[in-house]
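Heads up, the thing below is written out as structure tokens.
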Amino acid sequence: GPNNVSMGELDRIAQNIIKSHLETCQYTTEELQQLAWQTHSYEEVKMYQSKPRDVLWQQCAIQITHAIQYVVEFAKRISGFMELCQNDQILLLKSGCLEVVLVRMCRAFNPLNNTVLFEGKYGGMQMFKALGCDDLVSAVFDFAKSLCSLQLTEEEIALFSAAVLISTDRPWLMEPRKVQKLQEKIYFALQHIMQKNHMDEDALAKLISRIPTLSALCTLHTEELQAFQQLHPETVNVLFPPLYKELFN
Amino acid sequence: KEKHKILHQLLQNSTS
């Protein structure tokens with residue numbers, strides 16, 4: 001294998017990450033398939049649209065925080081993650097957890113009608129109108145659609161999520177070499193699986209080219225949160241989940 | 001560490 005990593009080791013890494021992913025997804029593939037055509041009714045969408053801005057922001061913050069807790073659990077189960085120093089574990093999660101949530105979101109996105117699973121049913125972009133950040137919402141939907149177009153398998157989503165999380169691009173890592181070694185193995189495993197699954201030789205390159213968009217979305221989210229907080233400081237301080245504030249504030 | 005109390009706690013909790 002590449003860089004003296006044996007195929008056996010790559011396979012072990014892949015299996016561990018796939019298992020960790022499947023054990024920590026909020027919904028199984030079967031559950032998502034069953035829900036795929038259960039969409040919020042016109043009245044329900046209207047109800048979301050007529051909510052006060054801060055109420056919908058709070059609801060979204062709660063959903064995101066919930067999803068992030070599963071991502072933390074995912075990270076903990078990846079062999080090698082808990083062997084990193086605590087500083088780096090926290091740093092990688094702080095900077096990468098929302099990116100992983102966005103990658104995972106493509107599982108709960110229906111590209112045929114551009115809807116996403118939110119509070120039990122699927123709904124389109126217009127459902128989030130009251131947030132007052134159409135740019136962010138439409139960028140997130142575009143991203144989900146573009147990731148769906150790559151038709152990734154559950155295994156590829158698992159390995160890609162791990163590759164996004166365990167990244168040497170994060171500033172202030174204390175043991176970047178250790179992170180790099182782990183990341184390289186994950187990429188080799190991802191490459192191996194993608195070569196097996198896709199006729200398209202550029203599939204991996206296409207997938208990797210989505211990473212800058214992920215990071216741009218997270219920056220946009222932080223900016224929108226700051227703008228929102230200026231107008232509704234009490235909502236953020238009192239009503240937002242503590243973990244969300246800790247990560248993004 | 002103080003700044004990331006909850007994240008720290010989640011990492012410490014044994015995997016459920």
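Just so we're on the same page: letters track the sequence lines, and every chain starts at 1.
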Could you tell me if A:Gln69 and A:Glu73 have a donor-acceptor pair between their side chains, going purely by distance under 3.5 Å?
no
For the ring-ring contact (aromatic ring centres under 6.0 Å, His included) test, which of A:Phe141, A:Phe118, A:Tyr27, A:Tyr122 pairs with A:Phe109?
A:Phe141
Polar side-chain atom of A:Glu223 near backbone of A:Leu220 as donor-acceptor pair, under 3.5 Å:
no
Greater than 12 external heavy atoms within 6.0 Å of A:Met82's CE:
yes
Give a yes/no verdict on a cation-pi contact between A:Arg104 and A:Tyr70, requiring under 6.0 Å between NZ or CZ and the six-membered ring centre and an angle within 45° of the axis.
no
For residues 229-249 of chain A, give me every residue with a non-hydrogen atom less than 4.5 Å from any non-hydrogen atom of chain B.
A:Pro242, A:Leu243, A:Glu246, A:Leu247
Does any part of the side chain of A:Val179, heavy atoms only, come nearer than 4.5 Å to the side chain of A:Ile166, both counted from C-beta?
yes
